[in-house]
Q: 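Questions regarding the structure given below will be posed in turn.
Index from 1, following the sequence.
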Amino acid sequence: MQVIATPNTWGHTVYGDSHTLFYAKTMQELFYQMKSVAGLRIVGGCTALNTLPEKALSVRAIPELRHIDKHERYVNFGSAVTLSDIIDVGSNRVPEIFLEAIQSIAHPFVRNCATIGGNIAAGTHGQTLIAPLLALDAHIEMRNATKTISVPLTKFNGVPDGMAATHIRVPLRDWNISVFRRIGPQHVITPTSAAFAFLAASEKRILTNIKIAFAGPITFRAIELENRLISSRLPLSPKAVATARTLAIRQFDACAGEKEFPRVLRTQFIRIIQAALEQLT
């Protein structure tokens, strides 16, 4: 695609090969463009795209989508908030596991452009932030001109046609154990890339909460295993760890089914879940 652009009528720019980039500075403009332009695709920092869609709509200039709003029990990120913006907020306002995942992504120049919304909605391959957000019980808000819906990330299957991802809500809780691991080459997403997140909380040697998530070519929360482990007395016995490991592998295999993916990911998952569970011993 040619990189020289010529301004056209208000609200968009036409590129030399007929690609058109539309702009919105308010939510009203966003919904107007979405309704008026057929085939429009919303983009953020475009770091996950090799080429722009024929009709792309940038939301980076909408203040509401660039805002970070912290409450007592959760933090709300606008979908166009950049990864660097989140790092700048600091660990006192962002869950440690989420901050660690962001810092593992590419390098500062990419993080200055890449957005949290773009990372979540980047495609069928689960991106780096999906695993920690699944573990943190995050919700994604989506809107059109007349309706707003909020969906747990565990049930998110993509942004519906005619709607835009607007906010990501991340609950704030205390965790005794926080484990994030990134699999695959640094700085890029490949078929062998994946992320693993493990959170655990305990009180008086009783496991009160646990979250386990994996995202890559295969993406899932190990809810069956979590339910099995909650209320367990700590430290876990070697037998309990072995049983939990078996359940985790079983869920991985059930999620994988007949999908084509690098088998090394299964080996890596087994190694990482074993190490994470051993922190409960």
Side-chain angles (χ1 to χ4, degrees), residues 27 44 62-105 115-121 126-143 147-157 159 163-180 195-215 219-232 234 276 279-280:
M27 296 302 294
I62 301 177
E64 180 179 341
L65 302 187
R66 294 294 304 270
H67 186 61
I68 300 174
D69 186 21
K70 186 182 179 186
H71 299 261
E72 182 179 356
R73 296 185 179 182
Y74 66 90
V75 58
N76 215 31
F77 299 99
S79 59
V81 168
T82 69
L83 305 187
S84 292
D85 290 338
I86 300 174
I87 291 174
D88 290 342
V89 167
S91 58
N92 62 324
R93 296 184 63 189
V94 179
E96 176 186 351
I97 194 170
F98 187 45
L99 196 62
E100 185 178 353
I102 291 172
Q103 291 169 332
S104 76
I105 295 174
T115 64
I116 179 174
N119 194 274
I120 293 172
Q127 302 289 303
T128 305
L129 300 186
I130 296 293
L133 288 173
L134 281 172
L136 289 164
D137 285 324
H139 282 60
I140 182 167
E141 177 191 278
M142 295 168 283
R143 291 167 56 185
K147 181 171 64 174
T148 299
I149 61 174
S150 181
V151 177
L153 207 60
T154 52
K155 298 181 179 180
F156 176 66
N157 293 313
V159 180
M163 302 198 81
T166 52
H167 295 89
I168 295 87
R169 177 171 293 192
V170 181
L172 299 174
R173 299 189 181 100
D174 293 326
W175 301 98
N176 301 107
I177 298 173
S178 174
V179 178
F180 172 79
F196 171 87
F198 180 95
L199 295 167
S202 63
E203 185 175 347
K204 296 180 180 180
R205 296 190 176 184
I206 299 296
L207 188 63
T208 56
N209 205 350
I210 184 168
K211 308 292 183 182
I212 303 167
F214 184 85
T219 298
F220 65 93
R221 259 273 302 276
I223 295 176
E224 178 185 351
L225 176 56
E226 294 168 5
N227 292 337
R228 177 78 173 263
L229 288 173
I230 285 177
S231 299
S232 296
L234 299 178
Q279 295 204 36
L280 301 175

Q: Just so I know, are the side chains of K70 and V94 near enough to count as touching, which here means a heavy-atom distance under 4.5 Å?
A: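 Side-chain contact under 4.5 Å: no.
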Q: Quick check for you: to the nearest 0.5 Å, what is the distance between I223 atom CD1 and I212 atom CD1?
A: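 Rounded to the nearest 0.5 Å, the CD1-CD1 separation comes to 11.0 Å.
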Q: Strictly by salt bridge (Lys or Arg N to Asp or Glu O under 4.0 Å), give each pair with a member in residues 201-215 just once, sequence neighbours left out.
A: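 Salt bridge (Lys or Arg N to Asp or Glu O under 4.0 Å) check on residues 201-215 returns D137-K211.
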Q: What distance do I168 atom CD1 and I68 atom CD1 have between them, rounded to the nearest 0.5 Å?
A: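 Atom-to-atom, I168:CD1 and I68:CD1 are 10.5 Å apart.
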Q: For the residue pair A138 and V170, what are the closest heavy atoms and their distance?
A: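 Taking every non-hydrogen atom into account, CB-CG2, 4.3 Å.
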Q: So with a 6.0 Å cut-off around CD of Q103, is the heavy-atom count from everything else above 12?
A: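 Atom CD in Q103 is packed in, count exceeds 12.
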Q: For residues 91-102, which residue pairs qualify under salt bridge (Lys or Arg N to Asp or Glu O under 4.0 Å), counting only residues two or more places apart or in two chains?
A: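 Counting only pairs at least two positions apart or across chains, no salt bridge (Lys or Arg N to Asp or Glu O under 4.0 Å) contact touches residues 91-102.
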Q: Grab the two heavy atoms, one from D174 and one from A201, that are nearest each other, plus how far apart they are.
A: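 Heavy-atom minimum between the residues: O-CB, 3.7 Å.
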Q: Out of curiosity, T219 OG1 to L134 CG, how far, rounded to the nearest 0.5 Å?
A: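 Nearest 0.5 Å value for the OG1-CG distance: 7.0 Å.
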Q: Would T115 and N119 count as a side chain to side chain contact (heavy atoms under 4.5 Å, CB included) if you check the C-alpha gap in whole Å, the side-chain angles of each, and the deciding distance to 0.1 Å?
A: CA-CA 6 Å; T115 64; N119 194 274; over 6 Å; no
Q: Could you list the residues that satisfy salt bridge (Lys or Arg N to Asp or Glu O under 4.0 Å) with E141, not counting sequence neighbours?
A: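 Salt bridge (Lys or Arg N to Asp or Glu O under 4.0 Å) list for E141, sorted by chain: empty.
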Q: Specify the closest pair of heavy atoms between T166 and M27, including all atoms of both residues, with the distance to one decimal.
A: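 Result for this residue pair: CG2-CE, 3.7 Å.
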Q: So, do S232 and I206 sit near enough that their side-chain heavy atoms are less than 4.5 Å apart?
A: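 No; the side chains remain at least 4.5 Å from each other.
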Q: Could you tell me the separation between the CD1 atom of I130 and the OG1 atom of T154, rounded to the nearest 0.5 Å?
A: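 Reported value, rounded in 0.5 Å steps: 11.5 Å.
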Q: Does N209 use its side chain to pair, donor to acceptor, with the backbone of A200 at less than 3.5 Å?
A: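 A pair under 3.5 Å: no.
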Q: Under the side-chain hydrogen bond (donor to acceptor under 3.5 Å, both in side chains) test, which residues partner Q279, sequence neighbours left out?
A: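 So Q279 forms no side-chain hydrogen bond (donor to acceptor under 3.5 Å, both in side chains) with any residue.
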Q: Decide yes or no for M142 and K147: does some side-chain heavy atom of the first lie under 4.5 Å from some side-chain heavy atom of the second?
A: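 No, every pair of side-chain atoms sits at 4.5 Å or beyond.
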Q: What residues form a side chain to side chain contact (heavy atoms under 4.5 Å, CB included) with S150, not counting sequence neighbours?
A: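 Listed in chain order: H139.
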Q: Is the shortest side-chain heavy-atom distance between I230 and T208 below 4.5 Å?
A: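 Contact flag for I230/T208 side chains = no.
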Q: Heavy atoms only: give me the nearest A131-A213 pair and the separation to one decimal.
A: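 Scanning both residues, the minimum pair turns out to be O-CB, 3.3 Å.
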Q: I need the minimum non-hydrogen distance between W175 and L199, along with the two atoms involved.
A: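 What the structure gives for the nearest pair is CE3-CB, 3.6 Å.
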Q: Just jot down the side chain to side chain contact (heavy atoms under 4.5 Å, CB included) partners of A164, sequence neighbours excluded, or say none.
A: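 Listed in chain order: L30, M34, I42.
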Q: Taking all non-hydrogen atoms of both residues into account, name the closest pair between P171 and L136 and its distance.
A: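 Reported closest heavy-atom pair: CD-O, 3.1 Å.
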Q: For residues 73-88, please give each side-chain donor-acceptor pair under 3.5 Å, one per line with the distance, not counting sequence neighbours.
A:
unit_1: Y74; atom_1: OH; unit_2: H71; atom_2: NE2; d: 3.4
unit_1: Y74; atom_1: OH; unit_2: R169; atom_2: NH2; d: 3.2
unit_1: S79; atom_1: OG; unit_2: A165; atom_2: O; d: 2.8
unit_1: T82; atom_1: OG1; unit_2: D85; atom_2: N; d: 3.1
unit_1: T82; atom_1: OG1; unit_2: D85; atom_2: OD1; d: 3.3
unit_1: T82; atom_1: OG1; unit_2: D85; atom_2: OD2; d: 3.0
unit_1: S84; atom_1: OG; unit_2: R111; atom_2: O; d: 3.2
unit_1: S84; atom_1: OG; unit_2: N112; atom_2: N; d: 3.2
unit_1: S84; atom_1: OG; unit_2: N112; atom_2: OD1; d: 2.6
unit_1: D85; atom_1: OD2; unit_2: R66; atom_2: NH2; d: 3.2
unit_1: D85; atom_1: OD2; unit_2: T82; atom_2: N; d: 3.2

Q: Out of curiosity, I105 CD1 to L129 CG, how far, rounded to the nearest 0.5 Å?
A: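 Answer rounded to 0.5 Å: 4.0 Å.
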Q: Can you tell me how far apart CD1 (I97) and CZ (F180) are? Round to the nearest 0.5 Å.
A: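 Atom-to-atom, I97:CD1 and F180:CZ are 7.5 Å apart.
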